[in-house]
Amino acid sequence: MNTPDDKHDGKLEQQTRTVFERQVASLDAHTLSRLNQARQAALDAARKNKAIAMPRWLMPASSVAALALTAVIALHYSRQLSSGDVVTQSSPALEDVEIVAAADDIDLLQDVDFYDSLDSVDAGDSEPS
Amino acid sequence: MFDTLVQSASLPAPFGAAIVHAEDRTLDQIQSLNKFLASVEKRAFQIARVSVRDADEALDIVQDAMIKLAHSYPDRPEQEWRPLFYRILNNRIRDWQRRRMVRNKLFGWLPGNFGDDEESGDPYESVPGTDHGPSEQLMLKSAMVTLQAALRELPTRQQQAFCLRNFEGLDVAQTALAMRCSEGSVKTHYSRAVHTLREKLGDSW
């Protein structure tokens, strides 16, 4: 059973709530605009946070993939080293780099056609008649 | 060799689909967050304004609370957002009050350093609100000023309990979560707040 005080308290709660809600409903345009800006700033923060974060399951998966890739590359090079290919035979791509990097051979490179024809003449001369 | 490695390193289809799914989920979450913040922002502002007595400060506090929630707790279940948001808001209000107390202690003796309450003049307060008539506006403002004055005289915890339960409509458990106290404490604070308000506001309320 409700006492008079309880009834009065209920009325007071109701009235204070009504006044509060009316005040909230009568907020001016400037305040509403500022609140909207504040909300957009918060949503931007959430978007940026989400953009940085990756799915949780992807983190271990990407770590495992990176480790596997490193292991494969290391294995590949260790095999090359053990077979001695790297020391004795450089790959064609590396030879090109050496030629381009050598400053002395720049003139030679400019007359490639001439040296090509010279090669063919030399080859013709060396053939047994 | 390296072509093979590159091909094997690219994500297979199920992984790509999972990332797209995660992006959709993020968009949904942002939309839910927007909806939630829009639903609480006005009341939160009014509650903060009761405590700090300054519209600009209250707006800053609400913005801080929104950003904190959006940055740190978007992954929490949506039903937890409301109490979490009000916990952050209450913490921000408390921090503001502490800073103000320190500032008043340090500089309160200086001449011309009057209270910076908004009663001293917020220009936007004089702008008419929505569709209430002038006399109704006046009555409303008078009632709100009386209520705010009574609320400000309450101890902080009672004020929080009353605002969260009565204005924001949180239940006892949610209020306890927001106030970081037991449900029993919430009931005690609320009951005392109601009795004190009844004494201060009189029979007309």
Side-chain angles (χ1 to χ4, degrees), chain A residues 4-58 61-62 65-66 68-73 75-77 79-80, chain B residues 1-2 5 8-9 15 18-19 22-23 26 29-30 33-34 37-38 41-46 55-56 59-60 62-72 74 124-125 127-132 137 140-141 143-144 146-147 150-151 162-163 165-167 169 191 194-195 197-198 201 203 205:
Chain A
D5 273 358
D6 289 338
K7 282 182 185 171
H8 191 262
D9 287 349
K11 187 184 161 198
L12 179 129
E13 288 164 291
Q14 181 64 44
Q15 284 196 340
T16 52
R17 197 180 307 131
T18 304
V19 169
F20 183 83
E21 288 297 337
R22 296 280 293 276
Q23 186 80 0
V24 166
S26 66
L27 285 175
D28 58 82
H30 171 74
T31 305
L32 293 178
S33 170
R34 289 274 310 269
L35 285 170
N36 188 31
Q37 287 169 16
R39 177 157 38 92
Q40 296 309 322
L43 294 175
D44 278 349
R47 280 190 203 102
K48 282 175 189 166
N49 201 27
K50 285 282 168 190
I52 293 167
M54 65 167 76
R56 284 178 188 171
W57 59 265
L58 204 56
S62 57
L69 189 63
T70 310
V72 168
I73 291 170
L75 192 68
H76 175 69
Y77 276 107
R79 278 186 183 168
Q80 276 191 344
Chain B
M1 173 77 185
F2 284 104
L5 285 176
S8 64
F15 285 81
I19 289 173
E23 282 174 1
T26 302
Q29 201 178 53
I30 297 285
L33 202 57
N34 183 32
L37 292 175
E41 64 191 13
K42 294 177 198 166
R43 285 196 203 86
F45 166 71
Q46 276 298 109
D56 285 332
L59 281 166
D60 287 346
V62 171
Q63 176 165 339
D64 276 357
M66 283 178 169
I67 289 174
K68 177 70 178 173
L69 181 86
H71 186 265
S72 303
Y124 292 102
E125 279 293 290
V127 177
T130 49
D131 49 358
H132 303 298
Q137 279 282 327
L140 177 64
K141 185 161 187 176
M144 195 61 204
T146 309
L147 176 60
L151 283 170
F162 188 81
C163 288
R165 294 272 290 118
N166 199 40
F167 296 158
S191 172
V194 169
H195 282 85
L197 284 174
R198 192 176 61 193
L201 294 171
D203 290 335
W205 284 73

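Reminder, nothing fancy here: chain letters follow the sequence lines and each chain counts from 1.
Taking each heavy atom of A:A46 and B:L33 in turn, the nearest pair found is CB-CD2, 3.9 Å. Of all non-hydrogen atoms in A:T16 and B:F162, the two that sit nearest each other are OG1-CZ, 3.6 Å. Taking both residues in full, the closest heavy atoms of A:A42 and B:A70 are given as O-CB, 3.1 Å, listed atom of the first, atom of the second, then distance. The two residues A:L43 and B:I30 have their closest heavy-atom pair at CD2-O, 3.7 Å. Across all their heavy atoms, A:R34 and B:D56 have their closest contact at NH1-OD1, 3.3 Å.
Heavy atoms of B:L147 lying under 4.5 Å from chain A belong exclusively to its side chain. When heavy atoms are compared at a cutoff of 4.5 Å, B:F167 approaches chain A by way of both its backbone and its side chain. Contacts of B:A150 with chain A are absent, with no heavy-atom separation under 4.5 Å from either backbone or side chain. Using a 4.5 Å cut-off between heavy atoms, A:E21 contacts chain B through its side chain alone, with no backbone atom that close.
For the atom pair CZ of B:F45 and OG1 of A:T31, the computed distance is 4.5 Å after rounding to the nearest 0.5 Å. Atom-to-atom distance recorded for A:L12:CG and B:R198:CZ is 8.0 Å, nearest 0.5 angstrom. With rounding to the nearest 0.5 Å, the separation of CZ in B:R165 from CZ in A:R17 is 9.5 Å. Between the CD atom in A:Q15 and the CG atom in B:L197 there is a gap of 12.5 Å [rounded to 0.5 Å]. The structure places CE of B:M66 at 9.5 Å from CD of A:Q40, a figure rounded to the nearest 0.5 Å. Note that CZ of A:R39 is 13.0 Å distant from CD1 of B:I67, once rounded to the nearest 0.5 Å.
Chain A forms the most heavy-atom pairs under 4.5 Å with one residue out of B:T146, B:N34, B:L37, and that residue is B:N34.
Contact of the B:E41 side chain with the A:L32 side chain is not registered, since no non-hydrogen atoms from C-beta on lie closer than 4.5 Å.
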